[in-house]
A.B. asks: 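Here's a structure for you.
No hydrogens, no waters, no symmetry mates; every other heavy atom, side chains included, goes into these values. Whatever order the structure lists them in is the order used to number ligands and atoms, beginning at 1.
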Amino acid sequence: MTSERLLHIVGSGPAGLAAAHAALDAGASVCLIDDNHAPGGQIWRGGPGRWTDARATRIWTALHDHPRFTHRTGTQVIGCADANTLLVETADGGAAIPFERLVLCTGARELSLPFPGWTLPGVTGAGGLQALIKGGMPVRDRTVVVAGTGPLLLATAATALRAGARVAAIVEHQPWSRLTGFGLALLARHRGKFVQAASLFAALRAVPYVTGARIVAATDDDILRGVTITTGGKEVTYSCDFLGAGFGLVPNTDLARALGCATADGAILVDATQETSREDIWAAGECTGIGGVDKAVAEGRLAALAALALHPSARDIPGLRASRAFAALLARAFAPGDALKTMCRPDTIVCRCEDVTAAQLLPHRDWREAKLATRVGMGPCQGKTCGPGCAFLFGWTPPDSRLPIMPASARALSRIE
Ligand SMILES: Cc1cc2nc3c(=O)[nH]c(=O)nc-3n(C[C@H](O)[C@H](O)[C@H](O)COP(=O)(O)OP(=O)(O)OC[C@H]3O[C@@H](n4cnc5c(N)ncnc54)[C@H](O)[C@@H]3O)c2cc1C
């Protein structure tokens, strides 16, 4: 196998798995790198034993013992040594992985917005709470509230219910009129998604779904005791043990930016065949724009075929157009509204690594000035959480990607050859 037929892929979520599958089908070899111990990424989290989506099982059956497939699990890409060498951290230390053609399928992370009490134990992102429950955190007979905006709230509430939790409320920021418009658009143009949403709502029928609402504060006596929300001019408090607060997703672009790929509107910039601004790197899935699992699968396939110079056209990829139209609909329906800025009070911590409050940030004009004066974004997360938060609150351009892009141990860094 010549090296131009070896494809490196970062991320084994739906996009990365679909890319690997298409590449193997086309006769190439694949090295799939992911920091988790099981394939699946976010939506297919937990590995083959837990999947209910037949696509995931079908793809993995074709991949897992294929002679041209290498799966590097538990391998976190922490940066690059040069334009064509990835640096990774594993349990054994560090390594350098050279590549000629790379497909980035690095997914997304949650947009966390600050409100009083968001740093309390028991408060997580909505997707974070879902991931913890899927990972085995016991919530049976405990009370959960999910709040923020977007379909992930429903998915998290459903996961919590299935795990035996009581879900006291789903608190959605968007008004009912906008949600109705979204539902009607699904019915008219994305029938399959409408059916999925309807069955989610049916599973959640006993849970209050509060719309046009936002969080006022999470309340505590050292640990989370409840959450107060405001809706229709009234404040309502729910007692809870866990609060999952999520306001949408933000594409993971750190590695792409470290490799010199251009971004636009917070996502990796790609052309019609998923090629980035670098001619040897392609990108697919949530890292190129939030759109869900169908978009990730379709784009993964397209990116792999393009990376192997098979000249695919977007028209040849089933479901691609529809999934992109769905992504656009999703973005319009669930864009976080300006009213969510009012959740953040002057004494609310915005940078939770460095304990920097909104009042300390307000006098500054941009991210750089604020960083120099307050240490915002200089903690372990390097602005991955507060960067998008500050972009939303103050309109600041998020920080540049710095190496290592993830916290890495000195042991790993020193062992990279
Ligand atoms: C917390 C969370 C929960 C979600 N839950 C749902 C849900 O229940 N239903 C739903 O429809 N959608 C959900 N989504 C949306 C989800 O992103 C998509 O539906 C789908 O998983 C996107 O597939 P993807 O392949 O683009 O990315 P992902 O599935 O996110 O896969 C990306 C993979 O890349 C890996 N990765 C990223 N950077 C690196 C690196 N530097 N080194 C090594 N590996 C790396 C990640 O660990 C991950 O395994 C969720 C998103 C998030 C953030």
A.B. asks: Would you check if L393 and P114 make a side-chain contact, meaning some heavy-atom pair closer than 4.5 Å?
C.D. replies: yes
A.B. asks: Report the C-alpha separation of R257 and D254 in whole Å, then their side-chain angles, then the decisive distance to 0.1 Å, and conclude whether the salt bridge (charged side-chain N to carboxylate O under 4.0 Å, His left out) test is met.
C.D. replies: CA-CA 5 Å; R257 287 183 290 141; D254 315 81; 3.6 Å; yes
A.B. asks: Please work out, at 4.0 Å between heavy atoms, whether the side chain, the backbone, both, or neither of L152 comes within that distance of ligand 1.
C.D. replies: side chain
A.B. asks: When you compare the side chain of P251 with that of I290, does any pair of heavy atoms fall below 4.5 Å?
C.D. replies: yes
A.B. asks: Taking atom 27 (O) of ligand 1 as the point of reference, which of G248, P404, A126, G107 owns the nearest heavy atom?
C.D. replies: G107
A.B. asks: Just heavy atoms, cut-off under 4.0 Å: does M406 contact ligand 1 by side chain, backbone, both, or neither?
C.D. replies: side chain
A.B. asks: At less than 4.0 angstrom from any non-hydrogen atom of G41, what atoms of ligand 1 do you find?
C.D. replies: 29 (O), 31 (O), 48 (C), 49 (O)
A.B. asks: Mark yes or no for whether T106, through its side chain, and C287, through its backbone, hold a donor-acceptor pair below 3.5 Å.
C.D. replies: no
A.B. asks: Taking only heavy atoms of Q76, which atoms of ligand 1 are found under 4.0 Å from at least one of them?
C.D. replies: 42 (N), 43 (C)
A.B. asks: Which of the atoms of ligand 1 are close to G292, meaning less than 4.0 Å from one of its heavy atoms?
C.D. replies: 19 (O)
A.B. asks: Might you work through the salt bridge (charged side-chain N to carboxylate O under 4.0 Å, His left out) test for R55 and D53, ending with a clear yes or no?
C.D. replies: CA-CA 5 Å; R55 278 174 301 185; D53 188 329; 2.9 Å; yes
A.B. asks: Tell me whether A131 reaches ligand 1 (any heavy atom closer than 4.0 angstrom to a ligand atom).
C.D. replies: no
A.B. asks: Given Q42, K193, Q130, R45, identify the one with the heavy atom nearest to atom 30 (O) of ligand 1.
C.D. replies: Q42
A.B. asks: Return the residue, atom name and 0.1 Å-rounded distance of the protein heavy atom closest to atom 23 (O) of ligand 1.
C.D. replies: P14 CD, 3.3 Å
A.B. asks: For ligand 1, indicate whether the residue A296 contacts it via side chain, backbone, both or neither (heavy-atom separation under 4.0 Å).
C.D. replies: side chain
A.B. asks: Of the protein's non-hydrogen atoms, which lies at the shortest distance from atom 31 (O) of ligand 1, and what is that distance?
C.D. replies: G13 CA, 3.5 Å
A.B. asks: Please report whether ligand 1 has a polar contact with R109, defined as an N or O pair separated by less than 3.5 Å (distance criterion only).
C.D. replies: no
A.B. asks: Among all the protein's non-hydrogen atoms, which is closest to atom 12 (N) of ligand 1, and how far away is it?
C.D. replies: I43 CD1, 3.9 Å
A.B. asks: What atoms of ligand 1 come closer than 4.0 angstrom to any heavy atom of G285?
C.D. replies: 26 (O)
A.B. asks: Of all the atoms in ligand 1, which lie at a distance below 4.0 Å from a heavy atom belonging to A155?
C.D. replies: 8 (O)
A.B. asks: I'd like to know if the side chain of D82 reaches the main chain of N84, judged simply by a donor and an acceptor atom lying under 3.5 Å from each other, with no hydrogens or angles considered.
C.D. replies: yes
A.B. asks: Is it the case that the side chain of R278 and the backbone of A83 share a donor-acceptor pair, with hydrogens and angles ignored and the cut-off at 3.5 Å?
C.D. replies: yes
A.B. asks: Evaluate the side-chain proximity of V250 to K384: yes if any heavy-atom separation is below 4.5 Å, no if none is.
C.D. replies: no
A.B. asks: Measure from atom 37 (C) of ligand 1 to every heavy atom in L249, T73, T106, N36 and give the option owning the shortest one.
C.D. replies: T106
A.B. asks: State, yes or no, whether a side-chain contact exists between W60 and H71 at a heavy-atom distance under 4.5 Å.
C.D. replies: yes
A.B. asks: Pairs in or reaching into residues 191-211: which pass side-chain hydrogen bond (donor to acceptor under 3.5 Å, both in side chains), with residues at least two apart or in two chains?
C.D. replies: K193-D294
A.B. asks: Output yes when the distance from some N or O of ligand 1 to some N or O of E286 is under 3.5 Å, and no in every other case.
C.D. replies: yes
A.B. asks: Can you list the ligand 1 atoms lying under 4.0 Å from a non-hydrogen atom of G11?
C.D. replies: 33 (C), 34 (O), 35 (C)
A.B. asks: Which pairs, with at least one residue in residues 161-199 and sequence neighbours excluded, count as a ring-ring contact (aromatic ring centres under 6.0 Å, His included)?
C.D. replies: F182-F334, H190-F326
A.B. asks: Considering the heavy atoms of T75, write down every atom of ligand 1 situated less than 4.0 Å from one of them.
C.D. replies: 43 (C)
A.B. asks: Rounded to the nearest 0.5 Å, what's the gap from CG on L161 to OG1 on T156? Could you check?
C.D. replies: 11.5 Å
A.B. asks: Does only the side chain of C105 get under 4.0 Å from ligand 1, or the backbone, or both, or neither? Count heavy atoms.
C.D. replies: backbone
